[in-house]
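Read through the structure below, which is laid out as structure tokens, and then see the notes.
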Amino acid sequence: MSESSVNFVAGLIESELVSKPNKIVQTRFPPEPNGYLHIGHAKSICLNFGLAKSFDGHCNLRFDDTNPTKEDTEYVDSIMDDVRWLGWQWHGEVRFASDYFEQMYNWAVELITKGKAYVDDLTGEEISEYRGNLTQAGKESPYRDRSVDENLDLFARMRAGEFKNGEKVLRAKIDMASPNMNLRDPLMYRILHEKHHRTGSTWCIYPMYDWAHGLEDAIEGVTHSICTLEFENHRPLYDWFLDTLESVPCHPQQIEFARLNLGYTVMSKRKLLQLVTEHHVDNWNDPRLPTISGLRRRGYPATAIRDFCERIGVTKYNSTTEIALLEHCVRENLNKSALRVMGVLDPVKLVVTNYPDGLTEELEAINNPENPDDGTRLIPFSKELWIERDDFREEASRKYHRLKPGQEVRLRYGYIVTCTGCLKDDDGIITEVHCTYDPETKGGHTPDGRRIKGTIHWVSAAHALDAEIRLYDSLFTDEDPADESDGRSFLDKINPESKTIIMGKIEPSLASAQAETAYQFERLAYFCADSEDSTSEKLVFNRTATLRDSWAKTQKK
RNA sequence: UACCCCAUGGUGUAAUGGUAACACUACAGAUUUUGAUUCUGUCAUUCCAGGUUCGAGUCCUGGUGGGGUAACCA
């Protein structure tokens, strides 16, 4: 890595490499398979995989599956999918903490033998009482001074299944008076007669996070064990286990960074799970969710997400990033890559009164002005078109550059037309807008060089396809939905208009749109076909992000 | 009220004792067959008080403010 100060972790590694130039950087991304990955995980993924890449090292994907009550292979599969989709390749095979259970057990025996761990018979409630609290020291368990032999015997019988859930635990013997609660004889194993998604019923004792994690890292030769801030207080324990054990292969360095917070969304697994299970959203991949699969279904490109993760930086400061930055990354990417098409979301008929009945012309349109290689396509033009209801006004100020009686407007790639009026129904609702066209302006050109201020999009009524359009807005109305200090739950802050479904008219070239292809409906927004629901019989499009709209902004003033 | 961590424009980050900078946002203008894009410009920053130093955003001390920690979760 050449540039310094990419982030503080990279800086740390860089300075280590000065004295140990041959050190191979080994990182890991260690999710628990108990939920779907979200954009906060993407930050961690990009950090760990990115560090390995820039220092020519390796990054493992390891499932920290030490709690069979919460984990499932469904999550394992989705996580692998998401990491790959984000564009990363893990080193070697996927790893599982559960593959290391036997080794961990042996190390626990080593600790017991050293007199550094003991089997405790206290109940959960008693253990909690004995632990003391933030300002008061804990007290030692009456079982703390059992003999090594007795502990060895009891621990073997725990493994053999002789005891019920909660009857006994294995604890490290450290310091019940430590000001760091994590050091007050932390639990290493609990009894759980529970089927594990990989080991089945082989085990009925399962290691706790603090005991297991450093061992997993050591087994994999991890050099830098990067985790989030809330594990800062766990580092002394992480180090204690690794220092106390003599037979561990190495001692990785734990480094903490601040997790990502994003405005107007929630990032906690618990809350995301609740949104899904209580059906406040449709599923884990609901396009309104900050899950990787949700963003993907919404149409956010993986490169945009990676770009975002790079831009937000890595620090120990607990911050909240504005959603505007993510949207900026998405728009910047999509502006370069999305194919331009025309679609009308709120259609009203435009009749070109002096255009021949029954005639259809094929007009050439540019697929992506940002990328000439994408070429052009032909779009049908005829006497009756659909245009956006908002693109006509009976009366409007000089600043309104669209259709109003007497004003000229360009139909994109079509003709220059002059608005002549409109038809209304009994309720005063406009049913048709009328105009005449200038045959000299085919393609939207003005041979006489006259300037046309407004250009609007359209689709030929006879050729248009119907499509369901799903418009998404932020899922929450509050910037920090998780802040429930005002007495309202995050569920009370769900935006009732986060999803709006309408029927639109779109150009025929979209008939075979694939979910992976990004489109810009010109003047409106970026869209993609929905990966689950869109078929050739029934097209469904998701709005990925709107185009910026300075007109709407000035309107509001 | 114990321990740990953190503090730079509105937001996110950079500056590794030597001219406080970049991006996003907002605003203004130019260009434009997307009121998009692009381009230009404007506003705005070191939590406070001491100390060390020729020189402090950076080091030290004390304060203030924020976050974390008392699961047989990770």
Side-chain angles (χ1 to χ4, degrees), chain A residues 4-8 11 15 30-32 34 64-67 69-71 120 122-124 127-128 131-138 165-171 178-184 187-192 205-206 208-210 212-213 227-236 256 258 263 269-270 311-329 331-332 335-336 340 342 365-366 369-370 399-402 410-414 416 441 443-446 452-457 520-525 546-555:
Chain A
S4 57
S5 86
V6 175
N7 62 57
F8 82 96
S15 53
E32 183 189 13
N34 67 344
D64 203 5
D65 55 349
T66 57
N67 183 357
T69 63
K70 291 186 176 173
E71 297 152 7
D120 197 350
L122 254 28
T123 65
I127 287 176
S128 174
R131 190 151 31 221
N133 59 39
L134 295 176
T135 51
Q136 279 183 326
N165 288 0
E167 215 174 309
K168 288 185 165 41
V169 292
L170 184 72
R171 303 178 72 174
S178 172
N180 183 340
M181 300 290 293
N182 296 117
L183 263 21
R184 321 249 263 225
L187 273 58
M188 294 166 60
Y189 280 94
R190 77 285 215 190
I191 298 171
L192 246 29
I205 57 171
Y206 290 91
M208 302 288 290
Y209 170 87
D210 286 311
H213 205 85
C227 62
T228 45
L229 251 29
E230 67 270 28
F231 292 105
E232 234 157 5
N233 295 331
H234 295 240
R235 185 165 11 111
E256 309 86 12
K269 276 189 176 182
R270 202 208 99 233
R311 293 199 200 206
I312 56 177
V314 180
T315 67
K316 303 188 73 153
Y317 177 66
N318 211 299
S319 61
T320 300
T321 299
E322 288 175 340
I323 198 78
L325 181 61
L326 212 208
E327 286 171 348
H328 168 79
C329 294
R331 288 195 186 104
E332 189 176 72
N335 175 53
K336 293 287 179 210
R340 270 59 171 179
M342 291 197 279
I366 297 166
E370 300 286 327
K399 290 191 172 180
Y400 185 79
H401 300 153
R402 310 176 193 178
R410 173 185 293 108
L411 296 177
R412 174 137 243 221
Y413 300 126
I416 310 299
T441 58
H445 306 288
T446 50
I452 307 297
K453 277 195 211 141
T455 300
I456 65 170
H457 60 278
Q520 183 198 100
F521 288 18
E522 292 204 44
R523 302 211 303 137
L524 296 173
T546 60
L547 254 34
R548 294 183 62 178
D549 190 352
S550 61
W551 168 249
K553 251 180 211 172
T554 56
Q555 288 284 286

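To find a chain, count down the sequence lines: A is the first, B the second, and so on, and within it residues start at 1. Quantities reported herein were computed from a predicted structural model and do not represent experimental measurements.
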How many whole angstroms separate atom CG of A:N318 from atom P of B:G65?
18 Å

Does A:K316, at its NZ atom, have more than 12 non-hydrogen atoms belonging to other residues, nucleotides or ligands within less than 6.0 Å?
yes

Counting any heavy atom closer than 4.0 Å, what does A:N133 reach on the DNA or RNA strands: base, sugar-phosphate only, or nothing?
base

Under 4.0 Å, heavy atoms only, any strand: does A:I312 hit a base, just the sugar-phosphate, or nothing?
sugar-phosphate

Base, sugar-phosphate or nothing for A:Q520? Non-hydrogen atoms, less than 4.0 Å.
base

Nearest of B:U34, B:A74, B:A70 to any side-chain atom of A:T455?
B:U34

Go ahead and name the base partner of B:U19; Watson-Crick or wobble counts if both distances stay under 3.5 Å, otherwise write none.
none

Using a 4.0 Å heavy-atom cut-off across all strands, classify A:R412 as base, sugar-phosphate, or nothing.
base

SB check A:R235 A:E256 (cutoff 4.0 Å)
yes

Among B:U34, B:U33, B:U11, find the nucleotide with the atom closest to the side chain of A:E322.
B:U11

Considering only side-chain heavy atoms of A:N67, which listed nucleotide, B:U25, B:U33, B:A74, is closest?
B:A74

Quick note, A:H328 side chain, CB onward, closest among B:C73, B:C24, B:A26 is B:C24

Hey, is the main chain of A:G132 close enough, under 3.5 Å, to the side chain of A:Q136 for a donor-acceptor pair?
no

Name the nucleic acid region contacted by A:S178, choosing base, sugar-phosphate or nothing; use a 4.0 angstrom heavy-atom cut-off, strictly under.
nothing

How far does the P atom of B:C47 sit from the matching atom of B:U8, given to the nearest Å?
6 Å

Flag the pair A:L524 / A:H457 as yes when at least one side-chain heavy-atom distance between them is below 4.5 Å, and no otherwise.
yes

Would you say the base of B:G35 stacks on A:W551 (centre-to-centre below 5.5 Å, plane angle below 30°)?
yes

Between B:A23 and B:G18, how far is it from one P atom to the other, in whole Å?
23 Å

May I ask you to say what A:R340 touches in the nucleic acid, namely base, sugar-phosphate or nothing, with a heavy-atom cut-off under 4.0 Å?
base

Classify A:Y189 by what it touches in the nucleic acid, base, sugar-phosphate, or nothing, heavy-atom distance under 4.0 Å.
nothing

Measure from the side-chain heavy atoms of A:M208 and tell me the nearest of B:U34, B:G12, B:C73.
B:C73

Nearest-Å distance, CD (A:Q136) to C1' (B:A70)?
11 Å

Opposite nucleotide pairing with B:U69, Watson-Crick or G-U, both atom distances under 3.5 Å
B:A2

B:G17 versus B:C59 - spacing of their P atoms, nearest Å
9 Å

Separation of the P atoms in B:A7 and B:C72, to the nearest angstrom
32 Å

Touch class at under 4.0 angstrom, heavy-atom based, for A:F231 against every strand present
base

Proximity to the side chain of A:L187 - top-ranked nucleotide from B:U69, B:U1, B:C72
B:C72

Both distances under 3.5 Å, Watson-Crick or G-U wobble: report the partner of B:G57, or none.
none

Within the side chain of A:N318, is there an N or O that forms a donor-acceptor pair under 3.5 Å with the backbone of A:A258?
no

On RNA chain B, compare the nucleotides closest to A:S550 and A:Y209; which residue's is nearer the 5' end?
A:S550

Say we look at B:U45 and B:C60: how far apart would their P atoms be, to the nearest angstrom?
27 Å

Kindly confirm whether the side-chain ring of A:H213 is stacked on the base of B:A74, judged by centres under 5.5 Å and planes under 30°.
no

Rounding to an integer number of Å, can you tell me how far A:I366 CD1 sits from B:U34 P?
10 Å

Rounded to whole angstroms, how far apart are NZ on A:K316 and P on B:G68?
15 Å

Is A:R523 close to A:R412 at the side-chain level, that is, under 4.5 Å between some pair of heavy atoms?
no

Could you give the distance separating B:G65 and B:C48 at their C1' atoms, to the nearest angstrom?
10 Å

Within the 4.0 Å heavy-atom criterion, would you say A:T446 contacts the bases, only the backbone, or no part of the nucleic acid?
nothing

For A:N180, is there any backbone N or O sitting under 3.5 Å from a side-chain donor or acceptor partner on A:S178?
yes

Please report the distance, rounded to the nearest Å, between CG in A:N7 and P in B:A14.
8 Å

Nearest of B:C73, B:U1, B:G35 to any side-chain atom of A:R523?
B:G35

Under a 3.5 Å cut-off for both contacts, is B:C24 paired Watson-Crick or G-U wobble with anything, and if yes, with which nucleotide?
B:G10

Report which part of the nucleic acid A:Y317 touches: base, sugar-phosphate, or nothing (heavy-atom distance under 4.0 Å, all strands).
sugar-phosphate

Nearest listed nucleotide, side chain of A:P179, among B:A71, B:A2, B:A23
B:A2

Looking only at B:U33, B:G68, B:G35, the nucleotide nearest the A:H445 side chain is B:U33

So does A:E522 get a backbone contact from the side chain of A:R340, meaning a donor-acceptor N/O pair under 3.5 Å?
no

For A:L326 and B:U11, give me the distance from atom CG to atom C1', rounded to whole Å.
14 Å

NA contact type, A:T66, heavy-atom cut-off 4.0 Å: base, sugar-phosphate, or nothing?
sugar-phosphate

How far, in whole Å, is B:A26 from B:G9 if one measures between their C1' atoms?
12 Å

Give one of base, sugar-phosphate or nothing for A:S15, where a contact means two heavy atoms less than 4.0 Å apart.
nothing

Using a 3.5 Å distance criterion without hydrogens, assess whether the side chain of A:R184 forms a donor-acceptor pair with backbone atoms of A:N133.
yes

Could you check how far NE2 of A:H234 sits from P of B:C3, rounded to whole Å?
18 Å

Separation of B:G35 P from A:Y400 OH (nearest whole Å)
11 Å

Could you please spell out the steps behind the side chain to side chain contact (heavy atoms under 4.5 Å, CB included) verdict for A:N335 and A:E332?
CA-CA 5 Å; A:N335 175 53; A:E332 189 176 72; 6.0 Å; no

Minimum-distance nucleotide to A:R131 side chain [options: B:A71, B:A23, B:G12]:
B:A71

Under a 3.5 Å cut-off for both contacts, is B:U38 paired Watson-Crick or G-U wobble with anything, and if yes, with which nucleotide?
B:A30

Measuring only the P atom in each nucleotide, how far is B:C6 from B:A14? A whole number of Å is fine.
13 Å

By the 4.0 Å heavy-atom rule, please label A:K399 as base, sugar-phosphate, or nothing.
base

Contact class for A:I416 vs. all strands (heavy atom < 4.0 Å): base, sugar-phosphate, or nothing?
nothing

